[in-house]
Amino acid sequence: MPTESQPVAGNFIRSIIDDDIKSGRCRGVVTRFPPEPNGYLHIGHAKSICLNFGLARDFGGVCHLRFDDTNPAKEDMEYIDSIKESVRWLGFDWGENLYNASDNFEKLYEWAEYLIGQGKAYVEDLSAEEIRRYRGTLTEPGVESPYRSRPVEENLSLFRAMRRGEFPDGAKVLRARIDMSSPNMNLRDPVIYRIINAAHPHTAERWKIYPMYDFAHGQCDAIEGVTHSICTLEFEDHKPLYDWFLENLPVESKPKQYEFARLNLTYTVMSKRKLHELVSAGFVNGWDDPRMPTIAGIRRRGYTPESVRAFCERIGVGRSDSWIDISVLEECVREELNEKAPRAMAVLRPLKVVILNYPDGKTEEFDAANHPQRAEMGERRISFSRELYIDADDFMENPAKGFFRMTPGSEVRLRYAYIVRCVGVVRDESGKIIEIHCEYDPDSRGGAAADGRKVKGTIHWLSVAHSADAEIRLYDRLFTEPYPDRGDADYKTFVNLLSEERVAAKIEPQLSTVSAFSRYQFERLGYFCADEKDHLADHPVFNRIVTLRDSWAKR
RNA sequence: UGGGGCGUCGCCAAGCGGUAAGGCACCGGAUUUUGAUUCCGGCAUCCCCAGGUUCGAAUCCUGGCGCCCCAGCCA
């Protein structure tokens with residue numbers, strides 16, 4: 001149904017649909033998201049999903065999910081399942097409208113015979129290599145195949161024999177008879193059927209021949225009644241072919257194709273081939289590794305569907321090749337999680353602090369807000385005692401200029417607790433600081449000094465006796481270069497080997513029993529998410545989704 | 001030297017002949033027990049370049065320049 005409430009950013013496709021509705025070219029809007037099940041969906045697909053499903057939603061139409069399963073050599077049921085899951089996770093529902101190109105194999109086959117009957121398709125005996133040579137080049141026209149003028153009857157019986165499986169892979173193909181001298185390479189008698197002996201995820205062993213994308217996509221659109229067939233820019237040259245089939249076949253509707261620029265994101269790669277390679281070469285731990293730009297990976301990292309949708313809205317839809325900075329994506333989760341995520345404290349690199357003037361054995365509890373701006377999210381109690389942990393990053397023996405955390409001799413506030421002053425350090429044999437000695441101001445209970453004096457720095461902490469162990473996985477960008485696959489260097493040389501760091505951290509104890517996908521802001525550190533697969537009560541695992549903005553670290 | 005696209009602020013992106021939206025980034029400043037958040041304020045006399053049409057152009061015309069895509073029996 002139309003969501004007149006939130007204003008949607010205009011884009012050229014919306015304008016086209018507006019016009020089509022005003023002019024009556026179409027009454028309803030039917031779009032489709034047509035993935036090939038040969039890999040996991042990535043953030044680029046999310047852009048397409050949001051576009052197609054979003055258009056259908058906003059114009060009161062429907063969006064089909066259609067598997068473009070025309071090449072059994074590459075496709076697999078695992079991918080079909082993961083794709084459905086990703087689309088659902090993103091928050092979209094195809095309802096009854098689940099289709100497969102393979103649902104139409106019989107019809108497509110019939111249409112191929114129809115074309116043959118019209119003298120518009122022929123069986124080719126040339127080898128793949130010969131076909132390539134005969135095709136010509138960008139600047140020279142192609143040469144017609146000697147088999148181009150085969151009689152209709154011969155074509156028909158050969159094509160039927162192909163279907164029966166009488167030839168090995170590659171022995172023959174069916175070609176559309178269009179124009180070998182077209183400046184558009186796609187029109188130089190494109191191959192429309194090839195022989196593939198492989199099990200198909202949907203049709204199993206039923207077929208020996210499979211239609212090419214060009215001979216399936218537009219026809220499926222027409223069969224399903226798709227009104228606006230939206231694809232990426234590189235298919236623009238295929239549009240004349242798309243239209244040619246619709247014009248030369250007895251189809252009942254004429255969908256129109258529109259193209260938009262695919263998403264490119266800095267510090268990552270988006271091609272399925274490279275994503276496959278990262279997985280198989282072991283650079284990451286599977287398709288859902290939290291560093292992967294796959295929807296499964298982004299999800300496991302802890303991103304919310306809302307934030308991914310917000311991202312897709314924010315980047316817009318255009319026709320110019322564009323690279324979106326990954327920080328735009330990161331900012332989208334921050335915005336959402338800042339609103340919604342409860343706060344908690346965690347210490348990534350524990351450094352022990354002993355409060356010398358605090359009674360041994362004493363424990364106090366402090367109230368900590370679960371959200372500084374949203375009182376309705378309540379409070380929790382935090383235990384304080386003589387021995388604490390702070391983050392090693394929050395102490396500097398010789399402070400850099402502008403550093404206002406813990407430093408010898410100066411005061412710092414322990415969030416929600418007391419103001420303390422570092423009065424000494426303990427070192428191990430190598431000279432490394434392993435413990436810090438502090439004194440606290442008893443008149444600063446809760447963190448505010450009784451005399452009203454200002455303390456610039458506030459740091460997070462955990463009581464040694466009241467904290468739990470946790471594994472925290474610190475994720476960073478997968479590549480060290482903003483454009484890893486630009487230029488001629490192998491993109492793999494830019495893989496960031498430090499993109500995952502696992503630290504033995506400390507957390508507030510109640511965090512260990514939280515359910516998978518629970519998200520928190522660990523104060524001053526960032527947003528974290530209980531890992532989907534590895535988080536257990538006796539071994540809590542949190543993934544860092546994204547750090548907080550940090551104007552100190554930036555310096 | 002073929003064909004198809006694209007070129008508006010650092011990154012996206014509106015704009016469709018009437019005198020440059022918005023977001024992100026960035027820079028100031030205020031508040032802050034997260035160096036977070038929030039809040040104010042700043043940020044293209046100019047739209048790849050050069051001509052032309054027009055009272056008036058980023059928007060129309062002409063000519064350049066730059067970038068992307070196409071020679072799979074992949075999608």
Side-chain angles (χ1 to χ4, degrees), chain A residues 9-12 15 34-36 38 68 70-71 73-75 124 126-129 131-133 135-142 169-175 181-188 190-196 209-210 212-214 216-217 231-240 259 261 266 272-273 313-325 327-328 331-332 334-335 338-339 343 345 368-369 371-373 402-405 413-417 419 444 446-449 454-460 521-526 547-555:
Chain A
N11 63 51
F12 73 98
S15 313
E36 184 192 12
N38 66 344
D68 229 328
T70 56
N71 187 354
K74 296 186 172 178
E75 298 154 9
E124 173 66 273
L126 255 28
S127 69
E129 166 61 19
I131 289 176
R132 191 178 65 70
R133 278 209 311 273
R135 188 152 32 222
T137 68
L138 295 178
T139 52
E140 307 157 58
D169 284 18
K172 292 183 183 339
V173 293
L174 185 70
R175 291 232 254 172
S181 61
S182 171
N184 182 338
M185 301 295 283
N186 296 119
L187 264 18
R188 319 246 263 225
V191 171
I192 59 178
Y193 262 94
R194 67 305 206 192
I195 300 168
I196 300 175
I209 56 173
Y210 292 89
M212 297 284 288
Y213 163 85
D214 286 310
H217 202 87
C231 60
T232 44
L233 254 22
E234 67 271 25
F235 289 98
E236 187 144 33
D237 287 344
H238 292 244
K239 187 153 55 183
E259 312 84 18
T266 57
K272 277 193 192 170
R273 197 206 101 225
E313 278 300 323
R314 185 167 292 185
I315 59 178
V317 178
R319 285 179 62 86
S320 49
D321 294 311
S322 56
W323 284 83
I324 306 292
D325 198 283
S327 64
V328 177
E331 190 53 27
C332 286
R334 285 197 191 101
E335 269 176 34
N338 175 52
E339 272 307 302
R343 315 282 123 129
M345 292 201 280
H371 190 111
Q373 282 83 28
F403 183 85
F404 53 73
R405 278 111 95 157
R413 173 165 38 236
L414 297 179
R415 172 137 242 226
Y416 297 122
I419 293 170
S444 63
K454 296 287 179 212
V455 171
K456 177 90 168 145
T458 299
I459 62 176
H460 57 276
Q521 182 200 98
F522 289 162
E523 294 206 49
R524 305 206 313 126
L525 298 174
T547 61
L548 248 34
R549 272 209 178 126
D550 187 347
S551 52
W552 165 250
K554 258 191 331 210
R555 306 170 23 153

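Atom set for the values below is all heavy atoms of this structure, side chains included, hydrogens, waters and symmetry mates excluded. A note on names: the letters A, B, ... follow the listed sequences, proteins ahead of strands, and every chain is numbered from 1. Computed from a prediction, not measured in an experiment: that's the story for all the values here.
One interatomic measurement links the two molecules: CZ of A:R314 to P of B:A21, which rounds to 20 Å at whole-angstrom precision. Look at CD on A:E140: it is 15 Å from C1' on B:G3, rounded to the nearest Å. Atom CG in A:D325 sits about 10 Å away from atom C1' in B:C12, given to the nearest Å. Rounded to whole angstrom, the span from the CG atom of A:N338 across to the P atom of B:C39 amounts to 11 Å. One atom, CG of A:N11, and another, C1' of B:G22, lie 14 Å apart when rounded to the nearest Å. Atom CH2 in A:W323 sits about 14 Å away from atom P in B:A13, given to the nearest Å. Counting to the nearest Å, the C1' atom of B:U37 and the CD atom of A:Q521 are 9 Å from each other. In this entry the distance linking CG of A:L548 with C1' of B:U34 reads 7 Å, nearest Å.
Only the C1' atoms considered, B:U54 is 33 Å distant from B:C43, to the nearest whole Å. For B:C27 and B:U32, the P atoms lie 23 Å apart once the distance is rounded to whole Å. Across B:G23 and B:G7, the matching P atoms stand 22 Å from one another, rounded to whole Å. Comparing the same atom, C1', in B:C49 and in B:C65 gives a spacing of 7 Å after rounding to whole Å. With both ends at atom C1', the span from B:C46 to B:G3 equals 34 Å, rounded to whole Å. Taking atom C1' on both B:U62 and B:U53, the two are 11 Å apart, rounded to the nearest angstrom. Between the C1' atoms of B:A14 and B:G22, the separation comes to 7 Å (whole Å). Using atom C1' as the reference point in both B:A58 and B:A13, the two lie 14 Å apart (nearest Å).
Residue-level contact check: A:P372 touches the bases, meaning some heavy atom is under 4.0 Å from a base atom. In this structure, A:F403 reaches the bases: a heavy-atom distance under 4.0 Å links it to at least one base atom across the strands shown. Among the heavy atoms of the strands, none lies under 4.0 Å from A:V455. Among the protein residues, A:Y210 comes within range of no part of the nucleic acid, since none of its heavy atoms lies under 4.0 Å from any strand. Using a 4.0 Å heavy-atom distance criterion, A:G402 is classed as a base contact.
A pairwise comparison of heavy atoms in A:A449 and A:S444 identifies CA-CB, 4.1 Å as the closest pair. Residues A:N184 and A:P240 share a closest heavy-atom pair of ND2-CG, 3.6 Å. Residues A:A369 and A:R343 come closest through the heavy atom pair O-CB, 4.4 Å. The shortest heavy-atom contact between A:S182 and A:L187 is OG-CB, 3.5 Å.
Nearer to the 5' terminus of RNA chain B, by closest-nucleotide assignment, is the contact made by A:E335 (compared with the other of A:E523 and A:E335). Map A:Q373 and A:G316 each onto its nearest nucleotide of RNA chain B; the residue landing nearer the 5' end is A:G316.
Applying the side-chain hydrogen bond (donor to acceptor under 3.5 Å, both in side chains) test to A:D325 and every residue at least two apart in sequence or in another chain returns A:S327.
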Q: Apply the test side chain to side chain contact (heavy atoms under 4.5 Å, CB included) to residues A:R405 and A:R524: give CA-CA distance (whole Å), side-chain angles for both, the deciding distance (0.1 Å), then the verdict.
A: CA-CA 12 Å; A:R405 278 111 95 157; A:R524 305 206 313 126; 4.2 Å; yes
Q | Audit row: A:M185, A:T137, side chain to side chain contact (heavy atoms under 4.5 Å, CB included) steps and yes/no | A | CA-CA 8 Å; A:M185 301 295 283; A:T137 68; 5.8 Å; no
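Close to B:C12, at under 4.0 Å from its OP1 or OP2, lies no side-chain N or O of A:S320. Side-chain N/O atoms of A:S182 include none lying less than 4.0 angstrom from OP1 or OP2 on B:G3. OP1 or OP2 of B:G35 has at least one side-chain nitrogen or oxygen of A:R524 nearer than 4.0 Å.
When each of A:R175, A:R135, A:K172 is tested with A:E124 by the rule salt bridge (Lys or Arg N to Asp or Glu O under 4.0 Å), just one qualifies, namely A:R175.
Checked by distance alone, A:E339 brings no side-chain donor or acceptor within 3.5 Å of a matching partner on the base of B:U37. Contact annotation: side chain of A:R343 to base of B:U34, donor-acceptor pair present below 3.5 Å.
The side chain of A:E236 approaches B:G5 more closely than any other nucleotide in the set B:G5, B:G2, B:U34. When distances are taken from the side chain of A:R319 to each of B:A36, B:C6, B:C24, the shortest belongs to B:C6.
With a cut-off of 3.5 Å on both Watson-Crick or G-U wobble distances, the partner of B:C46 is given as none. Remark: B:A36 base-pairs with no nucleotide; criterion is Watson-Crick or G-U wobble with both hydrogen-bond distances under 3.5 Å. Pairing partner, B:G72: none, since no Watson-Crick or wobble contact has both distances short of 3.5 Å. Judged by Watson-Crick or G-U wobble contacts below 3.5 Å, the nucleotide B:C67 has B:G5 as its partner. Across the strands present, B:A25 finds no partner; the criterion is a Watson-Crick or G-U wobble pair with both atom distances under 3.5 angstrom. Figure legend. B:A20 is base-paired to no nucleotide; pairs are counted as Watson-Crick or G-U wobble with both atom distances under 3.5 Å.
Ion pairing between a basic and an acidic side chain is recognised when a charged N comes within 4.0 Å of a carboxylate O; A:R314 and A:E331 show no such pairing.
For B:G72, the base adopts the syn conformation, since its glycosidic angle falls within 90 degrees of zero.
Atom CD of A:E75 is separated from atom CD of A:E36 by 4.0 Å, given to the nearest 0.5 angstrom.
The closest side-chain heavy-atom distance from A:L414 to A:I459 is below 4.5 Å. Counting heavy atoms from C-beta on, the side chains of A:D214 and A:H238 come closer than 4.5 Å.
With 3.5 Å as the limit, one finds a donor-acceptor pair spanning the side chains of A:T232 and A:E234.
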Check nucleotides 26-32 of chain B for protein N or O atoms closer than 3.5 Å to its own N or O atoms and list the pairs.
residue: B:C26; atom: OP1; partner: A:K554; partner atom: NZ; Å: 2.9

Q: Summarise protein proximity over nucleotides 66-75 of chain B in one line of letters, 5' to 3': B for base, S for sugar-phosphate only, - for none, counting protein heavy atoms closer than 4.0 Å.
A: --SBBBSBSB
